[in-house]
Each structure stands twice: as structure tokens, then as C-alpha cells.
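Just so we're on the same page: letters track the sequence lines, and every chain starts at 1. Hydrogens, waters and symmetry mates are skipped; everything else that's a heavy atom, side chains included, is used.
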2 protein chains.
Amino acid sequence: MFSKACEYGIRAAIYIGQQSADGGRRVGLRDIATEIDSPEAFTAKVLQQLVRAGLVTSVKGPAGGFALTPEQQRTVTLRQVVLAIDGGQMLQGCALGLTQCSARQPCPLHYQFLPIRDQLNEVLRTHTVGELAGKVHDGLGFLRQFS
Amino acid sequence: MFSKACEYGIRAAIYIGQQSADGGRRVGLRDIATEIDSPEAFTAKVLQQLVRAGLVTSVKGPAGGFALTPEQQRTVTLRQVVLAIDGGQMLQGCALGLTQCSARQPCPLHYQFLPIRDQLNEVLRTHTVGELAGKVHDGLGFLRQFS
DNA sequence: CAGATACCGGACAAAATCATCCGGTAATAA
DNA sequence: TTATTACCGGATGATTTTGTCCGGTATCTG
């Protein structure tokens, strides 16, 4: 569905959001990688993309780390995260890989996949990182395996 | 969404189905690759997978090529093609990459993605290759770009 | 039977993705 | 100011995916 980079990016953003909500606490890379069970250095690359896209805030130095501002908590959607990392291929491209698939020249699956893609876009558009962070905070969702 | 291999596989299967419908005509690899606009040698690999899975029939020698038997036309679903090439990761795996994402330990997006995945499975399960081949035959769907 | 055709199968190569390492830089604190 | 902390950025490597090449084999035709 999404690339590994995107999976890590979403999980990381949600975890950062959850920690930021608890009194604006910043969270370090090592902590993030441990808590979402992802490779540390690779996760760093992905987070840099999110920082450059303005979806996550970072501070260097001691007591530094990553955080979400209150505004980011409210406004950053999953769709923005996915677009920043994976681009729009999954959200817009043709399921059979045709470069110009539309009502004018539809692939044989065009109309079958339209509602699926619409629903996917709707889910990503209407859910903010902050909202999902709240769900994790309340124990209603998890970002890694627990034995 | 799907891998390149899977995109080629679906397009190829549909094209073979379309040609087989016209009096059981067999179609050669070169013809397939041209008509669905795919790399010839790579498409051959994908077709071998479909043949081994019993979803497509092949005949060697002069006047040989690929075809779909009437039974294959009726019974082979898109789901079978996707499973033969990409496996079940896209159809079953967690959107955030958790190896054990279920109602017992759901990821924060688990319940949002359930209906999307269900609908995807439903589309793939209820459409046969033969049915889509008919759509292409009637000019209601295309397998490549036309300028 | 002999030759041509066309799929089969394995080895090989290129590109994208996934992942690591390490020096640089900004920020904090003593 | 100096040392430490922790993100930044480029180089590098491993793995998967994508794509090519070529000899082998089955099949048809003359």
C-alpha cells in the first residue's frame, strides 16, 4: 500500500504528536525509533522530509528533538504526510499503470476503482495526525507490536 | 497500488482473454507486449507465473502462444491474478506495516482502512478476466494509450 | 526427419527502495 | 567559552524490483 518510508513516517508523526500533547515534550530520534519499532537512521531521513515539508518541527541540541506545534496537531492531515513521502501516485494514478486513464480513455477497471480511491483520499484527508495521536494516547490504537 | 509486474500481468491477461474470445485465437508474446505497451521479456516472466498458476494457457511452437480456455474466461478472477503475482500483502497486510494488526491490537487506522480493503477485495473477487476482456472488446475500456 | 517457431528457464544487469555510517552544524548548559 | 547533545546532509552499501539476454525445449510444417 504505502512504502516502508511512508509507514515509518506516519507512525513517527503520530508518536511525536502523542508526546507533544503531553505538555509539549520534545522527543528524540532514538526514542521514536524504539517506540515505533523502525530502523533509526532510516527513520531520521524520513523525518527530515517531514520537517522540510513543514509537517513536523525539529530543534537541535540538548533537550532538542521533534515535536508538533498545536497548529500542526490540528491541521496536518495524513494526506499531507503521504504526499510528502510517497507522492501522489497511489492517490491519483491508474490501478493498471496507464499514464492517461480517465473517463475519456478509461482502463477496464477505472470505474470500479474510482470509489475505492475516493474513499482512500477521504480517509487520508479527514484524519489529522493529532487526532490519531489522541487515539494512541487513549489506548485505542498501537504503533508497534507488544507481546 | 500494484507492482509493475502485476499491472502488466492484469493487462496481459485481459488482452489474451479478448483475443481468445474471437474464435479461440492464440496470441504471441510480441503481440501482447505491443498491444499493452509493456517490456517484452519482462512480460514473458509474468506470463510464466500466470501459466504456472493455471490462470492462462500456453502452447509452444509455430501458431502457438497464449490463450484463455472458455473455463478460464468464466472463472479466473482478478483476485487470482493479483495473488499469483503480488501475493496477499496488499489484500491483507496492515496499512502502517504492523505485522499483527487486528481488532485485538489495531493500528490507529485499522478501522478506517477496513472498508477500503473490503471494497478492494470485493472488486477483485467479483470481476473475471473474461468479463473485462469483453469490456475492452466493446471499446468500453483500454489497455494502453492511444494518441 | 529437418527446420523454423515460440514458449521456458536461468543467469545477468539496471534502477529504485531500504538501510547504515559519519562528519558537520546548531543549540543548550556549565 | 567550551563541551555535550542531537538533528542535518552526503556518501555508501544491501536488498528488492524491474528489465534484458540467451540457450534449451516442445511443437508445428514441409
Side-chain angles (χ1 to χ4, degrees), chain A residues 1-13 15-16 19-20 25-34 36-68 82 84-87 89-90 93 96-97, chain B residues 1-13 15-16 19-20 25-34 36-68 82 84-87 89-90 93 96-97:
Chain A
M1 188 110 206
F2 303 120
S3 67
K4 282 287 175 195
C6 198
E7 290 176 2
Y8 299 150
I10 296 174
R11 303 221 301 268
Y15 177 70
I16 293 168
Q19 295 297 310
S20 290
R25 179 163 68 241
R26 287 200 268 269
V27 54
L29 174 61
R30 181 160 320 172
D31 191 3
I32 295 170
T34 300
I36 71 171
D37 191 26
S38 69
E40 191 175 319
F42 189 58
T43 305
K45 296 293 184 197
V46 177
L47 283 172
Q48 285 171 39
Q49 288 185 262
L50 296 183
V51 169
R52 275 195 290 267
L55 307 179
V56 167
T57 302
S58 72
V59 178
K60 292 185 180 180
F66 299 89
L68 258 60
V82 171
I85 301 174
D86 275 356
Q89 195 54 41
M90 160 77 54
L96 297 191
Chain B
M1 190 112 208
F2 302 119
S3 68
K4 282 288 175 194
C6 199
E7 289 176 2
Y8 298 150
I10 296 174
R11 304 222 299 271
Y15 177 70
I16 293 167
Q19 294 298 310
S20 291
R25 181 163 66 240
R26 287 199 268 268
V27 54
L29 174 60
R30 181 161 319 169
D31 190 4
I32 295 171
T34 300
I36 70 172
D37 192 27
S38 68
E40 191 175 318
F42 190 58
T43 306
K45 296 293 185 198
V46 177
L47 282 174
Q48 284 171 39
Q49 289 185 261
L50 296 183
V51 170
R52 275 194 290 266
L55 308 179
V56 168
T57 302
S58 72
V59 177
K60 291 185 180 180
F66 298 90
L68 259 60
V82 171
I85 301 174
D86 275 357
Q89 195 53 40
M90 159 76 55
L96 297 190

Task: Which residue lies more 5' along DNA chain D, comparing A/K45 with A/G64 via nearest heavy atoms - done: A/G64
- [ ] In whole angstrom, give the distance that lies between atom NZ of A/K4 and atom C1' of C/dT17.
- [x] 12 Å
Open item on the list: Can you give me the closest heavy-atom contact between B/I36 and B/Y8, atom names plus distance?
Closed with: CD1-O, 3.7 Å
Open item on the list: Check this one for me: any side-chain N or O of B/S58 less than 4.0 Å away from OP1 or OP2 of C/dC8?
Closed with: yes
- [ ] Check whether any side-chain nitrogen or oxygen of B/Y8 sits under 4.0 Å from OP1 or OP2 of D/dT18, and answer yes or no.
- [x] no
TODO: Give B/L47 one of three labels, base, sugar-phosphate or nothing, depending on what nucleic acid heavy atoms sit under 4.0 Å from its own.
DONE: nothing
Open item on the list: Of the options D/dT4, C/dG24, D/dT20, whose atoms approach the side-chain atoms of B/A41 most closely?
Closed with: D/dT20
Task: A/F42 side chain, from C-beta outward: closest of C/dA19, C/dA27, D/dC8 - done: C/dA19
- [ ] Run the numbers on A/I16 and A/T57 for side chain to side chain contact (heavy atoms under 4.5 Å, CB included), then give the verdict.
- [x] CA-CA 10 Å; A/I16 293 168; A/T57 302; over 6 Å; no
Open item on the list: From the set C/dC18, D/dC28, D/dT5, return the single nucleotide nearest to any side-chain atom of B/P62.
Closed with: D/dC28
Task: Nearest-nucleotide 5' precedence on DNA chain D, B/K60 against B/P39 - done: B/P39
- [ ] Determine the contact category for B/R52: base if any of its heavy atoms lies under 4.0 Å from a base atom, sugar-phosphate if only primed atoms, P, OP1 or OP2 are that close, otherwise nothing.
- [x] sugar-phosphate
